[in-house]
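Below, each value reflects all heavy atoms present in this structure, side chains not excepted, and no hydrogens, waters or symmetry copies. Because the structure is predicted, anything quoted here is derived from the model rather than measured.
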Amino acid sequence: MEYHNPVLLKETVDGLNIKEDGVYVDVTFGGGGHSREILKRLGPNGKLFAFDQDADALENTIDDERFTLIHENFRYIKRFLRFHGAKKVDGVLADFGVSSHQFDVAERGFSTRFEADLDMRMNQNNELSAYHVINEYEEAQIKQVLLQYGELRAAPAMARLIVEARKEAQIITSEQLKTTLKKFLSPKHENKILAQIYQAIRIEVNQEIEVLKEFLQQTPELLNEGGRLSFISYHSLEDRLVKRFIRNGLFEGEPERDVFGNYEVPLKKVGKLIIPSKEEIKENNRARSAKLRIAEKA
């Protein structure tokens with residue numbers, strides 16, 4: 001079993017416009033596919049840092065003196081790059097979302113395909129898990145998670161049902177959660193709705209939206225002039241944040257304009273949105289929702 005089959009491999013690394021002696025960061029190391037491609041294009045004086053909070057990913061580290069793997073969440077990118085002596089970089093690559101490995105290891109609890117304990121932690125040292133969200137959150141909190149991160153219209157009714165069910169017995173496994181919510185899982189739409197439920201819980205467990213915002217806000221200051229960002233998103237919540245931040249440096253509202261109606265933004269868009277080819281999706285079904293956006297330090 002491959003640890004992770006990198007999506008849009010060539011396009012994402014091409015987007016960095018790599019200089020042989022540049023300094024680059026892969027903030028979602030995983031199986032190391034994107035990192036290995038970056039290293040191929042770096043010269044002997046180039047440098048690549050990578051981040052991954054999942055202990056399983058450490059087994060894929062690359063034996064190369066130009067490479068440093070940092071076992072941390074990429075929300076702390078500036079802090080740990082400075083610790084390793086890098087204040088500025090020439091490019092940052094991110095492949096957001098869950099790795100194939102995390103989906104395929106049943107006991108991690110990420111996939112709707114397997115019976116497993118409710119977990120979904122990308123960092124297995126974190127205390128908050130899917131179990132805590134389902135069994136300890138208030139009804140209003142569960143409703144908000146399902147509504148905001150899963151975009152589920154039935155979120156209020158689902159939250160009510162979960163709270164009622166756990167009064168009888170704790171909801172410990174994925175199968176128990178499915179049984180609790182079975183009235184919402186019609187055969188025709190079961191997979192889609194389950195995917196939305198799992199996505200919502202996973203985003204909450206791993207604070208994915210907060211992490212993404214913190215990370216994005218640090219990137220303009222990190223980049224050298226002409227440095228590139230190359231980011232793959234997999235769902236609309238992520239992609240909207242990335243798109244807006246590239247466009248105007250904000251997540252909400254519009255930037256302040258001068259008396260002439262102009263405004264300055266730290267980044268400029270490079271090219272158009274890139275999506276996988278039909279051939280890539282056929283070979284790797286998890287690529288089907290991928291969206292690649294590239295930006296440059298203005």
Side-chain angles (χ1 to χ4, degrees), residues 1 3-4 30 52-59 73 75 96-213 234-238 285-286 289:
M1 181 182 70
Y3 187 98
H4 182 70
D52 207 300
Q53 64 180 325
D54 190 338
D56 288 357
L58 301 182
E59 297 177 14
N73 190 309
R75 76 193 306 171
F96 302 120
V98 185
S99 73
S100 302
H101 171 77
Q102 289 167 331
F103 271 126
D104 290 338
V105 177
E107 59 266 28
R108 298 295 295 272
F110 285 100
S111 176
T112 61
R113 293 175 291 145
F114 306 118
E115 161 72 347
D117 287 350
L118 294 172
D119 192 335
M120 302 193 200
R121 292 172 297 169
M122 291 181 180
N123 182 342
Q124 291 163 292
N125 292 322
N126 285 349
E127 290 186 9
L128 183 64
S129 69
Y131 168 85
H132 292 98
V133 172
I134 294 300
N135 289 280
E136 297 178 9
Y137 272 29
E138 300 289 340
E139 181 180 328
Q141 290 176 290
I142 297 173
K143 180 186 80 171
Q144 185 63 19
V145 167
L146 296 175
L147 198 58
Q148 185 176 353
Y149 299 146
E151 300 178 293
L152 288 151
R153 286 182 293 179
M158 287 179 174
R160 199 174 310 121
L161 209 55
I162 288 168
V163 171
E164 286 300 316
R166 74 189 192 193
K167 288 177 183 176
E168 301 297 322
Q170 291 181 324
I171 302 170
I172 298 171
T173 68
S174 55
E175 201 56 44
Q176 287 174 315
L177 181 60
K178 289 179 191 177
T179 300
T180 300
L181 298 175
K182 63 183 178 182
K183 66 178 285 187
F184 301 101
L185 305 176
S186 64
K188 187 177 179 182
H189 302 293
E190 178 175 344
N191 290 338
K192 180 176 183 291
I193 295 168
L194 273 176
Q196 288 174 275
I197 293 167
Y198 270 53
Q199 173 183 293
I201 299 168
R202 190 199 79 223
I203 289 173
E204 175 66 15
V205 166
N206 297 289
Q207 297 185 296
E208 291 177 38
I209 300 303
E210 292 86 350
V211 167
L212 178 57
K213 286 180 177 179
Y234 291 88
H235 57 74
S236 59
L237 299 174
E238 282 175 343
N285 188 48
R286 287 174 185 151
S289 56

Worksheet item: Going through the distances and angles, do Ile201 and Leu118 end up as a side-chain contact (heavy atoms from CB on, under 4.5 Å)?
Response: CA-CA 10 Å; Ile201 299 168; Leu118 294 172; 5.9 Å; no

Discussion item. What verdict does the side-chain contact (heavy atoms from CB on, under 4.5 Å) test give for Val133 and Leu128, after you've listed the backbone C-alpha separation in whole Å, the side-chain angles of each residue and the deciding distance to 0.1 Å?
Written reply: CA-CA 8 Å; Val133 172; Leu128 183 64; 4.1 Å; yes

Discussion item. Does Arg166 form a side-chain contact (heavy atoms from CB on, under 4.5 Å) with Ile134? I'd like the steps, not just the answer.
Written reply: CA-CA 8 Å; Arg166 74 189 192 193; Ile134 294 300; 5.8 Å; no

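One side chain, Tyr137 or Glu204, offers a donor N or O that lies under 3.5 Å from an acceptor on the other.
Residues Tyr131 and Ile171 approach most closely at CD1-O, 3.8 Å, considering heavy atoms. The two residues Arg153 and Pro156 come nearest to each other via the heavy atoms O-CD, 3.6 Å. For Ser289 against Tyr234, the heavy-atom pair with the smallest separation is OG-O, 3.3 Å. In terms of heavy-atom proximity, Val205 sits nearest to Met120 at CG1-O, 3.7 Å. Contact between Asn123 and Asn206 at its shortest, heavy atoms only, is N-OD1, 4.3 Å. Looking at every heavy atom in both residues, Asn73 comes nearest to Gln53 through ND2-OE1, 3.3 Å.
Residue Leu194 holds its CG atom at 5.5 Å from NZ of Lys178, rounded to the nearest 0.5 Å. The structure places OG of Ser186 at 10.5 Å from NZ of Lys192, a figure rounded to the nearest 0.5 Å. Here the CD1-CD distance, from Ile209 to Glu238, works out to 6.0 Å after rounding to the nearest 0.5 Å. Note: Glu175 CD to Thr180 OG1 = 10.0 Å, rounded to the nearest 0.5 Å. Once rounded to the nearest 0.5 Å, the distance linking CG of Leu185 with CG of Asn191 reads 9.5 Å. To the nearest 0.5 angstrom, Lys188 atom NZ is 11.0 Å from Ile193 atom CD1.
Partner of Leu152 under the side chain to side chain contact (heavy atoms under 4.5 Å, CB included) criterion, out of Gln199, Gln196, Lys143: Gln196 alone.
The side-chain heavy atoms of Arg202 and Met122, taken from C-beta on, include a pair separated by under 4.5 Å. A heavy-atom distance below 4.5 Å is found between the side chains of Leu181 and Ile162. Residues Leu161 and Lys183 meet the side-chain proximity criterion, which asks for heavy atoms closer than 4.5 Å. In this structure the side chain of Glu208 never reaches within 4.5 angstrom of the side chain of Leu237, judged on heavy atoms.
Here Lys167 pairs with Glu164 under the salt bridge (Lys or Arg N to Asp or Glu O under 4.0 Å) rule; sequence neighbours left out.
Side chain of Asp54 to main chain of Asp56: a donor-acceptor pair is present (N/O by atom type, distance under 3.5 Å, no hydrogens or angles).
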